[in-house]
2 protein chains.
Amino acid sequence: MTRENPTPAVRPLTLRDVSEASGVSEMTVSRVLRNRGDVSEATRAKVLEAAKTLGYVPNKIAGALASSRVNLVAVIIPSLSNMVFPEVMMGISQILEDTELQPVVGVTNYSPEREEKVLYEMLSWRPSGVIIAGLEHTEAAKAMLGASGIPIVEIMDVDGEPIDSMVGISHRRAGRHMATAIVEAGYQKIGFLGTKMPLDHRARKRFEGFTEALAKSGLEVADSEFYDGGSALLKGREMTQAILARSPELDFLYYSNDMIAAGGLLYLLEKGIDIPAQIGLAGFNGVELLDGLPRSLATMDAHRLDIGRAAAEIIARRVEDPTTPPGEVVVLKPSIDFGDTLKRVKKRPDL
Amino acid sequence: MTRENPTPAVRPLTLRDVSEASGVSEMTVSRVLRNRGDVSEATRAKVLEAAKTLGYVPNKIAGALASSRVNLVAVIIPSLSNMVFPEVMMGISQILEDTELQPVVGVTNYSPEREEKVLYEMLSWRPSGVIIAGLEHTEAAKAMLGASGIPIVEIMDVDGEPIDSMVGISHRRAGRHMATAIVEAGYQKIGFLGTKMPLDHRARKRFEGFTEALAKSGLEVADSEFYDGGSALLKGREMTQAILARSPELDFLYYSNDMIAAGGLLYLLEKGIDIPAQIGLAGFNGVELLDGLPRSLATMDAHRLDIGRAAAEIIARRVEDPTTPPGEVVVLKPSIDFGDTLKRVKKRPDL
DNA sequence: CGGCCCTCTGTTAGCGCTATCATAGCCAAG
DNA sequence: CTTGGCTATGATAGCGCTAACAGAGGGCCG
């Protein structure tokens, strides 16, 4: 405390300050702080002491520029507001915690333009890898990813051509699988309730798979209802009411996500409708939330945690050993949970 | 396409490449790409063209080092898994979208050590500001924040001394307010259900305020139940069952968050209990999810979106004009929503 | 037509770190 | 005591960009 002013921070500290305070060269300080190279115990202690008292925080910008090593992994996802991506994030964090790497999140709100912008922004920090949701990107985005020279993992979806690696489930197949289960359970008049999101390619693919499998059984979606924005639980209620008012003959409702399905379930229970005998229900995503509902909802688990973990593992491996071949593909199988809202006929081995 | 190999990306592109391709100096390219300084239309077009065909992505690391300007705002929050922080994030994004600034999220999992580490890591990228949840930090973390020389906004809570600015609600007061409303509605045997999280200071403060206000009316919490981990909805169910099995005389249940309250509500409705006459319920947080429940739950809105927005505005203002005085404090008032689960006695103007 | 003030472009010198190589000091072997 | 081979430390030269200033060219004035 040699100066008057107790709040310094006028000029941010640099290696030089630590070097002067501890009486060794900047290079030695750098070595100590990065635990790299041989430094004697005595010097190390002296340097650490000085760094600590000064409150020195290394400048990674300068470090990264000098070493062209950046321990960041860009994670680009459409949204944080429906629990599916936070869960993927957890998987990613779990794996990266054991490495030097750090995830940095960018959110696109399902907008391709925003995705392109966020991607550009992130790539300009020269991360060590990119984990990005989906296989559909603008041409420019694909070009950037391809030219970046770093490991890229596209996640969630495997129905398409990856730029490099991909990890996910087949949403088309998930849709087919659910349709088959519904048909086998004997339901005939099937309604679909989903989001009005032309850019949610995964929901679209599930729907395509669903209708395709129904068609094979000579069925089609009898009525459908779409929403956007607002509380999903409430929307589920409202849409269910609306679709049944219009098409009272429906005996099954397939929802594009568990939250609206839960809303529908609560509504139908209140109306005293017999589930799954009179009307069957199914959602998608296996949200943990559902455990507490009065009736266990039929759903399909998209293995979000595993997707995050597998993606992070690919990046970690590639960073650790750059000779690891690119283009790894991990296909996870969505597992159906019949719950109490979908009549069970017989165990099928798998689809 | 002069070379054989169609996948270049051996050496990442630099300003020099663009400069050579467009026949102007690196400086001019830099000016064009940053829209700074006067450049003739012809040159600008030439440069942009070259940058685009090459697929050049600027290196922000070098840029930041040279200009000592980093357009990142560190956002440090405890968790992404309960919707309250994602909502704060949305508020932050909404405001920062109109600026050059970009949020970067770090998650601490309610661990002070992790918070310290995440903070160190983030500060080492020299962000333009920090938004951090809570007022409780390790000594080292406080020292780093204080010495960083950048705007700091502590959010969510205002019961304590901020390092610089703070934005939030008083959780003590929120607890008191709810207690008063419950007592005025005539409930006497009050149970508390919450998380077993010694490090969730805000939940603790709410509980303190709650018991303090009860004490003023000569009451105390008759029984309580705590949980950790797992599906909150399910836990709400289980805890409600447990506490009522033990203390059947309870006539009110105060839950520390809306998710467990929702679980409790569903359970009690199934049991055919008369709400709010026989038992009253209240939660905390005003989660959008609740709109779809069979009965509208009494809760208190913590204005999370507004907290995010206000915090981001403070940072944006301070970055825009560094002479803006620090130490701004924004206290938001939590608003009570009686819903259908808390008997209403009379309108009170406010607490 | 010199002088002045524009507009546009280029030159130079770092930003704070790390890679790389050089070197001082030391000990053991010959 | 020399030589070789250590280990511990330092000197130097960038990383890719931008700030700050310098200068070239052109138009317009008196």
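Residue numbering restarts at 1 for every chain, and letters A, B, ... go by the order of the sequence lines. Below, all heavy atoms of this structure are taken into account, side chains as well, without hydrogens, waters or symmetry copies.
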A quick test of your reading: do over 12 heavy atoms of other residues, nucleotides or ligands sit less than 6.0 Å from CZ of A/Arg16?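 12 or below, so no.
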How does protein reach along nucleotides 12-23 of chain C, written 5' to 3' as B (base within reach of a heavy atom under 4.0 Å), S (only sugar-phosphate), or - (no contact)? --BBBBBB----
Going by distance alone, is a donor N or O of one side chain under 3.5 Å from an acceptor N or O of the other, for [X] and [Y]?
X	Y	value
B/Glu116	B/His137	no
A/Ser111	A/Thr108	no
A/Arg44	A/Ser40	no

Quick one: do A/Glu328 and A/Arg318 make a salt bridge, cutoff under 4.0 Å?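 Salt bridge: no.
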Listing request: all salt bridge (Lys or Arg N to Asp or Glu O under 4.0 Å) pairs with a residue in residues 139-152 of chain B, at least two apart in sequence or in separate chains.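 Applying salt bridge (Lys or Arg N to Asp or Glu O under 4.0 Å) to every pair that reaches into residues 139-152 of chain B, excluding sequence neighbours, yields B/Glu139-B/Lys142.
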What is the separation between atom CG on B/Asn35 and atom P on D/dT18, rounded to the nearest whole Å?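 Those two atoms, CG and P, are 12 Å apart.
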Rounded to the Å, how far apart are A/Glu20 CD and D/dG10 P?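 One finds 13 Å between P of D/dG10 and CD of A/Glu20, rounded.
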Between C/dT9 and B/Ser25, is there an OP1 or OP2 to side-chain N/O distance shorter than 4.0 Å?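 Negative; the distance criterion is not met.
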A/Thr28 side chain near D/dA8 phosphate (N/O to OP1/OP2, under 4.0 Å):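 Looking at the OP1 and OP2 atoms of D/dA8, neither is under 4.0 Å from any side-chain N or O of A/Thr28.
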Where each residue is assigned the nucleotide of DNA chain D containing its nearest heavy atom, which of B/Lys60 and A/Arg44 is assigned the position nearer the 5′ end?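 Result: A/Arg44.
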